[in-house]
There are 2 protein chains.
Amino acid sequence: MTESPVHHEPPIYRRIADRLRDQILSGSMSDGDRLPGENALMAEYGIARATARQALAVLINEGLAVPRRGSGVYVRLFRPIRRHGSRRLSREQWGQGRAIWDSDTRGRSYTVDEVHIEREPATEQVARLLDTDDVWVRRRRYLVDGRPVQLAASHFPADLVEGTAVTLPDTGPGGVYARLGDLGYSPAHFTEEVRARMPQPKEAELLGLPAGTPVIIISRIAYAAGGVPVELNEMTLDAASYVLQYDFDA
Amino acid sequence: MTESPVHHEPPIYRRIADRLRDQILSGSMSDGDRLPGENALMAEYGIARATARQALAVLINEGLAVPRRGSGVYVRLFRPIRRHGSRRLSREQWGQGRAIWDSDTRGRSYTVDEVHIEREPATEQVARLLDTDDVWVRRRRYLVDGRPVQLAASHFPADLVEGTAVTLPDTGPGGVYARLGDLGYSPAHFTEEVRARMPQPKEAELLGLPAGTPVIIISRIAYAAGGVPVELNEMTLDAASYVLQYDFDA
DNA sequence: ATCATTGATTTCTCTAGAGATGTCCCGCAC
DNA sequence: GTGCGGGACATCTCTAGAGAAATCAATGAT
């Protein structure tokens with residue numbers, strides 16, 4: 001930020017971190033490699049344990065390294081999944097569900113780990129966006145190669161799906177959008193907000209995120225013809241696992 | 001991740017962090033408020049300074065708090081700028097340049113802090129995407145209310161702009177896209193990749209990012225008719241300052 | 001009135017040590 | 001082979017102390 005006129009040398013822990021980061025980013029270390037541990041750094045630089053920890057904490061907080069208790073600290077390079085922007089979704093693809101996934105996971109196995117479906121009072125934000133107090137929420141967790149990478153929560157106005165509440169959030173064949181279409185609320189317009197931040201502890205736990213991993217949050221609202229909001233889908237993605245892709249014409 | 005069967009109580013520093021986080025997120029503290037400092041926590045909980053520091057470091061690394069040396073630790077809530085997806089861009093808007101910004105900064109002042117324009121050899125990634133070794137790069141830094149919030153680097157194939165090199169990266173009236181149009185390479189198609197990660201030290205420095213702030217990276221490629229790539233624009237955004245917005249029809 | 005200095009406060013950096021906790025692997029018993 | 005015990009090892013948590021560096025307000029000299 002504001003640099004003082006005198007150039008102070010960075011503290012030891014930071015210089016060590018810089019050296020290690022260079023090694024990681026220059027490619028001389030690869031994904032699962034083990035970094036020098038606390039003891040090794042203590043010996044090599046003649047520093048105390050706390051200082052060695054601090055150096056490693058820098059890399060861990062940057063998301064470039066992952067500590068494994070009782071084992072060591074390991075390099076973590078990002079191996080993102082490409083996730084196409086909804087621009088790509090066509091009505092035909094809705095019925096297939098996984099179509100947009102299969103081509104994007106580079107052969108890695110993709111599964112859903114259903115969490116739960118239930119009716120609940122809407123939070124303030126959801127109530128404002130969906131224009132109702134009472135919603136059905138369908139929460140899911142997505143796994144790639146057995147590891148959780150995404151949380152999703154779809155909110156449906158309860159009054160809109162009255163009587164069909166059992167079958168709507170419970171997708172069934174053709175997916176949720178087909179169900180909405182059956183009710184005469186086929187989505188015609190979408191808005192999508194994308195943001196990134198550090199995860200809440202609960203999110204970090206559910207996604208198994210090591211320290212220093214941001215999450216990407218996509219909030220998509222589907223509107224039926226006439227501008228009626230029919231679904232709010234909030235997706236929380238492990239930022240290390242995802243690249244979003246949008247494409248469009250001028 | 002894998003939870004042990006016995007529920008261990010979290011360590012003290014983590015419980016303190018949890019308490020403070022609740023206070024911040026519940027709204028009982030607001031944006032610039034001062035958190036209890038190291039000394040206060042030491043006295044209140046009867047712990048050592050290092051432990052108090054550890055508790056505060058949790059919040060700092062989560063991006064919820066910002067330390068100011070010699071002053072204290074302060075709450076930081078995100079105040080995002082809405083940034084519309086390029087889907088919104090129309091040819092008429094290109095000519096205005098700032099149109100997509102003025103409506104999105106909520107009245108905050110938006111300025112550009114030009115960094116430099118120069119011809120340089122392409123990095124491996126840029127060479128692959130733009131299909132050339134030799135590019136002009138135009139780097140900019142964007143400020144809102146005097147604070148840096150975005151870095152941008154536009155890459156143009158050097159052979160494509162041969163002879164006009166002086167005027168192309170140097171926008172001029174009508175913006176870069178108008179210049180490309182004059183050369184017969186009006187962009188017709190775009191792809192955009194969005195990812196998020198923790199910033200590199202250099203990025204953090206240029207953007208003045210406190211610890212725990214991720215960056216959003218948008219890589220947009222503009223293609224002229226015929227599929228010729230004419231620009232690679234890489235934008236690095238302070239994730240605390242931006243919300244991306246896309247909207248589209250089914 | 002303006003500017004420089006001082007002092008109190010607070011975060012930052014680092015040392016030294018110790019016990020707890022989780023992981024890995026080898027060897028032994030079954 | 002399989003499963004279990006135990007030791008080696010590494011990270012994790014915490015204590016206690018001390019000097020460095022930045023901020024801010026009050027004090028004092030010009």
* Asked: Hey, is A/R21 close enough to A/D18 for a salt bridge, meaning N to O under 4.0 Å?
  -> yes
* Structure fact -> Per nearest nucleotide of DNA chain D, the residue lying toward the 5' end, B/R49 or B/A52, is B/A52
* If you look at every strand shown and take non-hydrogen atoms under 4.0 Å, does A/L56 touch a base, only sugar-phosphate, or nothing? -> nothing
* What's the closest nucleotide to the B/P11 side chain, out of C/dC14, D/dC14, C/dT11? -> D/dC14
* To do: Output yes when a side-chain donor or acceptor of B/D113 lies under 3.5 Å from a complementary backbone atom of B/R141, and no otherwise.
  => no
* Asked: How many Å lie between CZ on A/R69 and P on C/dT23, as a whole number?
  -> 8 Å
* To do: Would you kindly give the OH-to-P distance between B/Y45 and D/dT15, to the nearest whole Å?
  => 14 Å
* Under 3.5 Å, is there a donor-acceptor pair between the B/R195 and B/S219 side chains? -> no
* Provide, to the nearest angstrom, the distance between the CZ atom belonging to A/R53 and the C1' atom belonging to D/dC12. => 5 Å
* Would you say B/R68 reaches D/dA22's phosphate, i.e. side-chain N/O to OP1/OP2 under 4.0 Å? -> no
* For A/I60 and D/dA10, give me the distance from atom CD1 to atom P, rounded to whole Å. => 15 Å
* Check the distance between C/dT11's C1' and B/M42's CE and give it to me in whole angstrom. => 12 Å
* Would you call B/E203 and B/R197 a salt bridge, taking side-chain N to carboxylate O under 4.0 Å as the test? -> yes
* Whole Å only: how far is the CD1 atom of B/I16 from the P atom of D/dT13? -> 13 Å
* **Nearest-nucleotide 5' precedence on DNA chain C, A/S71 against A/Y13** => A/Y13
* To do: Between D/dT15, C/dT11, C/dT15, spot the one nearest the side chain of A/I47, thanks.
  => C/dT15
* Structure fact -> B/E38 atom CD is separated from C/dT11 atom P, nearest whole Å, by 5 Å
* Is there a side-chain contact between A/I216 and A/L244 (heavy atoms, below 4.5 Å)? -> yes
* Take B/P67 and A/A50, find for each the nucleotide of DNA chain C with the closest heavy atom, and name the residue whose nucleotide sits nearer the 5' end. => B/P67
* d(CZ, A/R14; P, C/dT11) in whole Å -> 18 Å
